[in-house]
Each structure stands twice: as structure tokens, then as C-alpha cells.
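These numbers were taken from a predicted model, which means no experiment stands behind them.
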Amino acid sequence: MADSFFTKLKKRNVFKVGVAYLVLAWVVIQVADVIVPALALPDWTITFLVIVGMFGFPFAIFFAWAFEITPDGIKKESELSSEEAVFAHSGRKLDFVIIGLLAVALGYFIYESRFQTQPNEAVIEEILVEAAQQNKVDKEPVGASIAVLPFVNMSSDKEQEYFSDGISEEILNVLSQIPNLHVTSRSSSFAFKGKELDLKKVAKQLGVDHILEGSVRKSGTTIRITAQLIEASSDRHLWSESYDRELTDVFAIQDELSAAIVTVLKIKLMGDSADIKVGVHKVVPEAYTSYLKGLHFLNKSELKTALKYFDDAINFDNTYATAHAFRGLILNVLTKSGAISLTEGPQMARMAINNALEIDPDLAIAFVFRALNKLWFDFDVKGALLDFELAIEINPNTARAYESLSYLYSIMGKHQQAVLYAQMALTLDPMTTLMSRRLIQAYLYMGDYQQALAEIEVAYTNSTETQSVVRLHARVDLAVGNSEHALLLTNKITRDAPMNMTQAIAYSNLGNKAKSDEALARFIKRGAHDSAYQIAEIYCARGEIQQCLDWLERAYKQKDPGLLRLMISPFLKPAFQEKRYKELVLKMNIH
């Protein structure tokens, strides 16, 4: 009886229909995984397809049993005479269908594994999965960890402040390249500059167990550097040393300091596996001095002054890779802000960064700056992704790479990864507003507005600069419909552009079209040449979809970097189903 039933199932091609159905369902899901983000369809679309596929399977099996395709059309199996050879005929057709579907599936599998998946990304994703299972990124790094506080300038000349800062920063840069050593980023360490310090509290805020502090006294061409390594939990001095050198030996001093610190950490914590490779690097002293001045003014956001000093450093020593890299960064930022034209700026920046990488192919920060260039000006998501990952592979302590990857994954609609990368950036650089903002934005673009508001409160407490947090707070308020509070926040915003944007949307939401029009007019007058994307957001939030689409197309012509948020902005949702919007999404090719 069982054999007879099995024979009937086989004869009626039930097994072949089942196989064909499953292969087709798999292909549909894979295609949907690519198409759904590109068309800005709801996140539940793929889940819906899976459920439909599951419910459809038993129906497919039933129809395979009860019906048959004949040359005369579909007939019930009971209507077919036993002599009709239609079962074999349709079976052969199913064979061809299965073979074709398997070929498509195999082709997709080869394409995805060969061209889409990067080995480094797979390693990072494994780390992220572990973090996701714990529902957070551990704030206490495993293994040895250290923060390099800004060295105190003991010189009588206060203008030498940049030099003492530069010494700290260069030592930090060397330490950050040591495997298995967690190093807090410069921005967070320097948040404590000039303050009375309780080292235990500082270490807790930065998430480290060791602090390096010191002082620099410079007189003419002679310098004295004093440094001490402190175990924060016990306030015990593990090591201290003073160095008297001529300025021409400053790099050797940095390397001596770094090697000594790592040796102590190796003995105390890191085990014999710690790899100490700190090589002396030679740069013309005048070039180094100009470079330090460039960093000093860059950290004060005086970009054009910083650019001048980086240019000076390169003129003194054209082989100074880091100076080339930071010159490229400033050209990137000046172009993005509209201070340099798009016809010249991106190429100039790219040339400077490529010069840096030709001199030093292992300069991690240069890969970050090159990725930003690709992302902002070419909308090259895949190229930027590769460069960010290379930076992390070279130097896992590069906080800016994790922060930028968070933004990149938000752009691609991979929101869980975006949150986790932002958390990793914050672990390395917990006191920096940029890292706090990136986590807030990751939640905003995910649509988790309550968590975004919770992180805003944390940012107000920890960040060194709150203006940008206030601006972001206003955007979240607009997204949740709290327009009254968003308007109150504009009183704390000093720059006109974000204030006008917030007011234009908020007044529109509150039904005051006249004031909304006034704010929009002010914004257009100031930003028509470099803020077309944000103007499009205002029109869309006001429900004026065609004007929104006009400005989006204008933003595309202007290469406005804001367009990277095309698929994730909560203010553009009213345009998501418009044909012109979908065409623009396809042109942007972000996924």
C-alpha cells in the first residue's frame, strides 16, 4: 500500500513540484533582500514573503496531486485516463524548470560569495553577532587598556601648547598600533585637558585601567619629556622616566616612550604574546613642528589655518605621509561645506590622500579619509566600505573608522550593524560628541526614537560640545511629532541653517504656514547652492512632494552628500512611493 502511494506521488510529479517550489521560494527571498531596500519598501516586506511562501507550500503540493498540466490545459487527475502519457510529459518540463532554477540559485551563490562578501567584514560581523547576543557592547575592554592624557606644557611660552599636545598625540598614535592593546582615542583623552583630575574617575569614564600622563618643557632646540604610567585602580606608578634630548631626536623619544610603556604592560598584563614593533621614524624637525601646529588648529576647527600648516609640513618634507593625509581630510571637509568647488575639491583631496598611501601603505587613517572622499563625492558605498574595513584591519583602535562604518550601515539600511559599530566607536572614544551623535543617528534612522532620545540625554552629560546634540535633538523631536519642543530647542541653536530647517518643518506641523514659509525662504536663500537635499526634506515634511522631488534631483546634480540619507530619512517617507523618487534611488545605487 505504502509503495503504491509512493509510486502515485512520484507519478504525479508531487516531489518535483515540491523541489521546484522550494528552490523558487529561495530565489525570490534572495532577490527581495536586494530589491526591498533599494525601493525603500517597509522592513516587514521580506517577512511577509516568507510567511506567504510557507503557507503556499501545502497548496502547491495539493494542486500537484489533484491536477495535471496537459496539452489541452489543466485537468483534474481523476479526469485523465490511465493511458494518457501526460504525467511523463509534465515531469520532463518540471525537470527543465528545476534545472533552470538551480542554475539561477547557483549563479547567485557564486556571485554573492565571490564578489559581495569581504573576508574582513565576515570577521567583524562575527564580533558584532556576539555583541548583539549580549544586547550591548562591553564598555570594559578585554586585556590591557590605556588612555594617554595631554602632556602638560611646562614651557614659559604658552604658544608651545601645540607642541606638548603633539607629543601626547604621537605617542598615542604609536600605542594604538600595538596588537591587543585598547587605546582611548585622542578626542576623549583631551577632554580632560587643563582640569583637576581624579585618575580613578577619569579611567572609569574612559573605560581603561591605565593612564599615561606627563609634561614637556621646550627651550630652544632642547626638550625635556617626563612621563609616568599609572595603574588607575590602585593609583600605583608602574613606570616613570625623564628624557632630555635635542629636538632632532623627538621621534626617537616617542619610540623609546612607547616601547617602554608596552614592555611594562606586557610584563604586567599582556602576556608573552604581546608584539612590540615600534620603529623609529624620521621626519625633518621643521616639518614636524608645522604638522603639530596643523593638528592644533584642526582640533580647534580652524580648518584653513590648519591647512596652511600641513602645506608647510609637506614643503619641509614631502615624504611626510601623515601630513599629506590630514591635508586630504581638510580638503574633503572644506569641499563638503562648500568652501571649495566640487569641480576641484574632491580631486585635490584624493590626490593628497593617495600621496600619503604611496608613502605609507599602512597608514590606517588615510584609508578612512579616502573612504570619506569616495562616499561624500562619488556616492561609492562599496569602495568606502572596503577602505573603512582596511583601516580597522591595520589599526583596530581607529575609532573614526567604526563611527564612519556605523553611518555607512545606516545608509544601507542595516540598522542593527549601525548601532553596534556606533557603540564600538564610543567604547574607543567615549567623550567625543561625534561618536555620541552617531549612535543617536543610528537609532533615529532605525526608527527607534525613544532610544535615540535616551542617548541624547547621555550625550548632554558626556559630550564636550552640545550644539550639534541640540540640533540632532530637534530632528528627533520632529520625527516623533514633538514640534513645540523642537521650536524651543531652536533658541539654543546658534547657526541659522539648522534653526531655519527646524522652524520650517515645526511651524508647518503646527499649522502655521506663514512662519513655515518665512523659515523656508531664509533657508533657500542661504543654502540653495549647497543644501538642496535639506530643502527637499523640508518640502517633503510639509507634504509638497513634487517640490521635494525637484530639489532631490537638484541635490543629485550638485552631488550633495546629504543624498546618502535618501532611503533612511524620516522626513522623506511621504515620497517613498513616487516614481521619480524610486528612479533616484536606483541611480544612487545604495545597498
Side-chain angles (χ1 to χ4, degrees), residues 161-163 165-174 176-177 185-187 190 250-251 254 281-378 380 383-384 387-388 390-391 394-395 398-401 403-404 432 434 530 559 561:
E161 195 79 14
Y162 70 86
F163 188 83
D165 288 353
I167 294 293
S168 324
E169 188 154 3
E170 284 299 296
I171 293 171
L172 185 153
N173 289 339
V174 174
S176 71
Q177 299 176 50
S185 290
R186 184 250 186 223
S187 303
F190 274 58
V250 66
F251 307 110
Q254 291 168 8
H281 53 287
K282 297 292 184 182
V283 178
V284 175
E286 293 85 356
Y288 182 65
T289 300
S290 295
Y291 166 73
L292 291 181
K293 289 181 179 180
L295 286 181
H296 177 74
F297 286 104
L298 173 61
N299 293 321
K300 292 174 64 177
S301 298
E302 297 181 27
L303 298 183
K304 292 186 178 180
T305 304
L307 181 61
K308 173 190 175 299
Y309 282 113
F310 287 130
D311 284 340
D312 288 346
I314 293 167
N315 288 333
F316 282 121
D317 184 353
N318 194 44
T319 66
Y320 201 166
T322 312
H324 283 285
F326 276 93
R327 180 176 188 273
L329 169 66
I330 293 178
L331 291 172
N332 272 343
V333 175
L334 289 175
T335 303
K336 186 172 183 278
S337 65
I340 300 178
S341 73
L342 278 167
T343 57
E344 298 177 355
Q347 291 78 10
M348 292 166 57
R350 193 175 299 124
M351 184 179 298
I353 296 164
N354 286 338
N355 286 340
L357 289 171
E358 285 178 13
I359 298 166
D360 184 357
D362 292 325
L363 187 59
I365 198 65
F367 284 105
V368 175
F369 299 160
R370 189 172 74 175
L372 293 175
N373 185 280
K374 291 178 179 180
L375 192 61
W376 290 345
F377 308 120
D378 297 331
D380 182 2
D387 275 350
F388 286 137
L390 283 171
I394 294 169
N395 185 348
T398 311
R400 185 66 188 271
E403 174 269 327
S404 299
T432 303
L434 176 62
D530 64 357
K559 290 190 174 182

**Message:** With rounding to the nearest 0.5 angstrom, report the CG to CD distance, L342 to Q347.
**Reply:** 9.0 Å
What donor-acceptor contacts under 3.5 angstrom involve side-chain atoms of residues 296-307, with partners at least two apart or in another chain?
unit_1, atom_1, unit_2, atom_2, d
N299, ND2, L295, O, 3.0

**Request:** Considering non-hydrogen atoms only, spot the tightest contact between A356 and L363 and give its length.
**Result:** CB-CD2, 4.2 Å
**Prompt:** Where do D312 and I314 land on the side-chain contact (heavy atoms from CB on, under 4.5 Å) test, with the steps shown first?
**Reply:** CA-CA 5 Å; D312 288 346; I314 293 167; over 6 Å; no
**Message:** A side-chain contact here means heavy atoms from C-beta on lying under 4.5 Å apart; do Y309 and Y291 qualify?
**Reply:** no
**Prompt:** Which residues pass the side chain to side chain donor-acceptor pair (under 3.5 Å) test with D530, sequence neighbours left out?
**Reply:** none
**Message:** If the condition is side-chain contact (heavy atoms from CB on, under 4.5 Å), which residues does S341 pass it with, not counting sequence neighbours?
**Reply:** T343, E344
**Request:** For K559, enumerate each residue passing the side chain to side chain donor-acceptor pair (under 3.5 Å) test, keeping only those at least two apart in sequence or located in another chain.
**Result:** none
**Request:** First locate atom CG of L375, then atom OG of S404, and finally report the distance between them rounded to the nearest 0.5 Å.
**Result:** 8.0 Å
**Request:** Any chance you could measure Y288, atom OH, to K293, atom NZ, to the nearest 0.5 Å?
**Result:** 13.0 Å
**Item:** Partner residues of S176 under the side chain to side chain donor-acceptor pair (under 3.5 Å) criterion, sequence neighbours left out
**Value:** N395
**Prompt:** Got a sec, which residues hit side chain to side chain donor-acceptor pair (under 3.5 Å) with N355, two or more places apart in sequence or on another chain?
**Reply:** none
**Request:** May I have all residue pairs that pass side chain to side chain donor-acceptor pair (under 3.5 Å) and include part of residues 359-369, sequence neighbours excluded?
**Result:** none
**Complete:** Between the OG1 atom in T322 and the CG atom in N173, the distance rounded to the nearest 0.5 Å is 7.5 Å
**Prompt:** Who passes side-chain contact (heavy atoms from CB on, under 4.5 Å) against E286, sequence neighbours left out?
**Reply:** V284, F316
**Complete:** Sequence neighbours excluded, the answer for salt bridge (Lys or Arg N to Asp or Glu O under 4.0 Å) partners of D311 is R327
**Request:** For the pair L292 and T289, evaluate side-chain contact (heavy atoms from CB on, under 4.5 Å) and give the outcome as yes or no after the intermediate values.
**Result:** CA-CA 5 Å; L292 291 181; T289 300; 5.9 Å; no
**Prompt:** Shortest non-hydrogen contact from P361 to I394?
**Reply:** O-CD1, 4.2 Å
**Request:** Mind listing the closest non-hydrogen atom pair of A313 and A323 along with its distance?
**Result:** CB-CB, 4.0 Å
**Fill in**
Sorted by chain and number, sequence neighbours left out, salt bridge (Lys or Arg N to Asp or Glu O under 4.0 Å) with K374 holds for D387
**Complete:** Here the pair of heavy atoms bringing F310 nearest to G294 is CZ-C, 3.5 Å
**Complete:** Heavy-atom nearest pair, I353 first then A366, reads CG2-O, 3.3 Å
**Asked** Under 4.5 Å between any side-chain heavy atoms of S168 and F190, yes or no?
**Response** yes
**Item:** Side chains of M348 and M351 in contact at under 4.5 Å (non-hydrogen atoms)
**Value:** no
**Asked** What is the distance from atom OG of S290 to atom NZ of K308, rounded to the nearest 0.5 Å?
**Response** 7.5 Å
**Request:** With sequence neighbours left out, write down each residue that passes ring pair (Phe, Tyr, Trp, His ring centres under 6.0 Å) with F377, or none if nothing qualifies.
**Result:** none
**Closest non-hydrogen atom pair, G345 against I340** = CA-CG2, 3.6 Å
List, one per line, each side-chain donor-acceptor pair under 3.5 Å for residues 330-337, sequence neighbours excluded.
unit_1, atom_1, unit_2, atom_2, d
N332, OD1, N373, ND2, 2.9
N332, ND2, F369, O, 3.1
T335, OG1, L331, O, 2.7
S337, OG, V333, O, 3.2
S337, OG, L334, O, 3.0

**Request:** Mind checking the CG-NE2 spacing from L357 to H324? Nearest 0.5 Å is all I need.
**Result:** 11.0 Å
